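Fair warning: this is a prediction, and the values are worked out from it, not measured in the lab.
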Amino acid sequence: MKKSLALLASVLTFSAIAADPQFDDLTKKDVENVSAEFGTNFAHTAVAAPETNGLWGVEVGLVGGQTNSPEFKNVVSDSGGDGGDFDNIYNAGLMARVHFPLEFFVEATLLPEQELSGVKIKSNSFSAGWNIGRFTKLPFDFAIGYDHATGEINFNQEADVPNGVPAADIDLETKTKVMWVGVSKTFLFVTPYLKVGTSKIDGDLNASAAILTFGDTQNEQVSTSGGYFAAGVNVQLLILRLGVELSQIQDTKRVSGKLSLAF
């Protein structure tokens, strides 16, 4: 499983970091926008319907996806870099999901620290929910849940003297919290689902050189809030489960996929 994760992470992240990102002359709005995009990219998903089938259940596998990142692209371009290499950013991780008696369930994902082309990236997340629909014998699943995710990206920026960009060690950490309600219904081996809710993304940017145009330090903490939406489908073939999900957190869109084993 770890070898599969390393391969998946390498494939998904290579195009995102094949060129060096570059930050300079950032406004507070720039920091908010980039934090929102990375916060969405690292937000929790197990690409799982909010369902509980049976007394107990366990699912383990791999998840991965891509997030639209127009603001990150613009920041890199405005800093003198090649923003065309950053149309999207990517994520990958191990996932696990367990449901319990009384229709409670928990999920978790993990991407151990990876380093490619000098860029370090890591993330982890968890979710907890309750399937009220099955608990109250409704003819469909109706659940409430809470997600929490942390992601971090770190890179050493080389100096770009012609453009006045300083050398710097840059670290961006995001925390994404989502409260949601969801519905799903299984038809034979296919389970479509829908989730809606609210989100909050906190970003913490640290730099070892002057890249911000405001404030007295090169550390900035920002926070944005807004909506959350996800729609997906799971297909189960014996113990093999496949899933795809389209989601949006605030103004950022993401597509995710899953390959797992469910028992």
Side-chain angles (χ1 to χ4, degrees), residues 35-59 61 63-65 67-68 91 93 95-109 123-151 174-202 223-236 241-258 260 262:
S35 295
E37 288 181 346
F38 275 95
T40 298
N41 189 60
F42 293 130
H44 175 80
T45 183
V47 193
E51 53 90 17
T52 49
N53 185 14
L55 188 63
W56 294 87
V58 177
E59 180 182 357
V63 292
T67 304
N68 293 342
N91 62 81
M95 64 79 60
R97 188 176 193 269
V98 181
H99 71 256
F100 307 96
L102 303 181
E103 314 307 333
F104 291 101
F105 58 88
V106 295
E107 303 169 352
T109 71
S123 66
N124 63 81
S125 71
F126 72 87
S127 177
W130 181 36
N131 186 354
I132 302 171
R134 190 171 180 90
F135 183 78
T136 58
K137 312 299 184 183
L138 293 177
F140 57 89
D141 297 301
F142 173 75
I144 58 174
Y146 171 77
D147 303 344
H148 186 280
T150 299
T174 62
K175 294 182 179 179
T176 307
K177 304 170 186 176
V178 174
M179 297 184 66
W180 55 265
V181 296
V183 294
S184 68
K185 176 72 174 178
T186 299
F187 303 93
L188 296 177
F189 53 86
V190 178
T191 306
Y193 64 91
L194 178 69
K195 297 178 182 179
V196 295
T198 62
S199 63
K200 181 182 179 184
I201 298 175
D202 297 316
S223 181
T224 59
S225 60
Y228 165 78
F229 169 83
V233 62
N234 281 188
V235 178
Q236 183 148 355
R241 183 171 291 180
L242 304 174
V244 63
E245 178 182 281
L246 303 176
S247 61
Q248 180 170 327
I249 298 181
Q250 298 171 29
D251 295 323
T252 305
K253 296 179 175 64
R254 178 177 68 172
V255 58
S256 307
K258 172 180 70 176
S260 65

All side-chain contact (heavy atoms from CB on, under 4.5 Å) counterparts of Ser223, not counting sequence neighbours: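 Listed in chain order: Lys200, Asp202.
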Listed by chain and number, what are the side-chain contact (heavy atoms from CB on, under 4.5 Å) partners of Ala231, not counting sequence neighbours?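 Partners of Ala231 by the side-chain contact (heavy atoms from CB on, under 4.5 Å) criterion, ordered by chain and then number, come out as Leu194, Phe229.
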Taking atom CG as the centre, does Leu55 end up with more than 12 heavy-atom neighbours from other residues, nucleotides or ligands that are less than 6.0 angstrom away?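 Count over threshold, so yes.
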Contacts of type side chain to side chain donor-acceptor pair (under 3.5 Å), residue [X], not counting sequence neighbours:
| X | result |
| --- | --- |
| His44 | Glu107, Ser125 |
| Thr45 | Glu245 |
| Gln248 | Lys253 |
| Ser35 | none |

Main-chain N/O of [Y] paired to [X] side chain as donor or acceptor, under 3.5 Å:
| X | Y | result |
| --- | --- | --- |
| Ser199 | Gly226 | yes |
| Arg254 | Asn41 | yes |
| Asn131 | Glu103 | no |
| Thr176 | Gly39 | yes |

Contacts of [X] that satisfy ring-ring contact (aromatic ring centres under 6.0 Å, His included) - sequence neighbours left out:
| X | answer |
| --- | --- |
| Phe140 | none |
| Tyr193 | none |
| Phe126 | His148 |
| Trp130 | Phe104, Phe135 |

Testing the basics here: between Thr252 and Ala36, what is the closest heavy-atom pair and its distance to 0.1 Å?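 Heavy-atom minimum between the residues: OG1-O, 4.2 Å.
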Quick one: salt bridge (charged side-chain N to carboxylate O under 4.0 Å, His left out) pairs with a partner in residues 45-57, sequence neighbours left out?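 Those involving residues 45-57 are Glu51-Arg241.
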Side chain to side chain contact (heavy atoms under 4.5 Å, CB included) evaluation trace for Phe100 with Trp56: CA-CA 5 Å; Phe100 307 96; Trp56 294 87; 3.2 Å; yes
With sequence neighbours excluded, residues passing salt bridge (Lys or Arg N to Asp or Glu O under 4.0 Å) with Lys195: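 Counting only residues at least two positions away or on another chain, Lys195 forms no salt bridge (Lys or Arg N to Asp or Glu O under 4.0 Å).
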